[in-house]
Structures are given as structure tokens and as C-alpha cells.
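We count residues from 1, following the sequence as given.
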Amino acid sequence: MTNVGGIDRVLRFVFGVVLILVPFVAPSIPALAGLGNWGWLIGAMGVVMLLTAIFRFCPAYVPFGVRTCGRE
């Protein structure tokens, strides 16, 4: 069962990659240097977004009946 459509999938992939990079680049950017351990939590959220893009399934959509893809 898929519930993540094309545009949603691309956005999740792009934002997922960006969020995964945050803990690694944050120390070199003054505005993000104070994140501390929050940077790793942001990176973990990026991994979740990347996985939902790859598998085209978002568990958070299920209780609300949301589908961003066409019917199968």
C-alpha cells in the first residue's frame, strides 16, 4: 500500500537529505552551532523522511486517511 505521491516523494527525499546533513555541517555554520544534540535528532528525522520517500508509505498519513498519490 502506498500513500505518498510523486511531488510529496521528491520533497521528502530532498528535505530528508538536507536534514541528514545538518548535524555534520552545523558546527561550521554560526547560526546552527548551538544545536548540540538537537542536530542529531534533526538528522534522525531526515532518515525517517528519506525512508518514507523510498518506500512510498507514511505511517502518519494512515490515521487521517491522507493519500498524496492516485488510487491504485
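In terms of heavy-atom proximity, Gly5 sits nearest to Arg56 at CA-NH2, 4.1 Å. Of all heavy-atom pairs spanning Ala33 and Pro27, the tightest one is CB-O, 4.4 Å. For the residue pair Pro63 and Ala60, the shortest heavy atom distance occurs at CD-O, 3.5 Å. When all heavy atoms of Pro23 and Gly39 are compared, the closest pair comes out as CG-O, 3.2 Å.
Side-chain heavy atoms closer than 4.5 Å link hydrophobic residues (I, L, V, M, F, W, Y) into clusters, and following such links, possibly through other members, connects Ile29 to Leu19. When the side chains of ILVMFWY residues are joined at heavy-atom separations under 4.5 Å, either directly or via intervening members, Trp38 and Phe24 end up in two distinct hydrophobic clusters.
Screening Val18, Leu35, Asn37 for a side chain to side chain contact (heavy atoms under 4.5 Å, CB included) with Ile42, the sole residue that qualifies is Leu35. Under the side chain to side chain contact (heavy atoms under 4.5 Å, CB included) test applied with Phe57, the options Thr2, Thr52, Val62 reduce to a single match, Val62.
The salt bridge (Lys or Arg N to Asp or Glu O under 4.0 Å) check on Arg12 picks up Asp8, with sequence neighbours excluded. With sequence neighbours excluded, the residues that form a side chain to side chain contact (heavy atoms under 4.5 Å, CB included) with Val14 are Val10.
To the nearest 0.5 angstrom, Phe15 atom CZ is 12.0 Å from Met45 atom CE. Interatomic distance, Arg9 CZ to Cys58 SG, rounded to the nearest 0.5 Å: 13.5 Å.
Taking Ile, Leu, Val, Met, Phe, Trp and Tyr as members and joining any whose side-chain heavy atoms lie under 4.5 Å apart, directly or through other members, the hydrophobic cluster of Ile20 also contains Phe13, Val17, Leu21, Val47, Leu50, Leu51, Ile54, Phe55.
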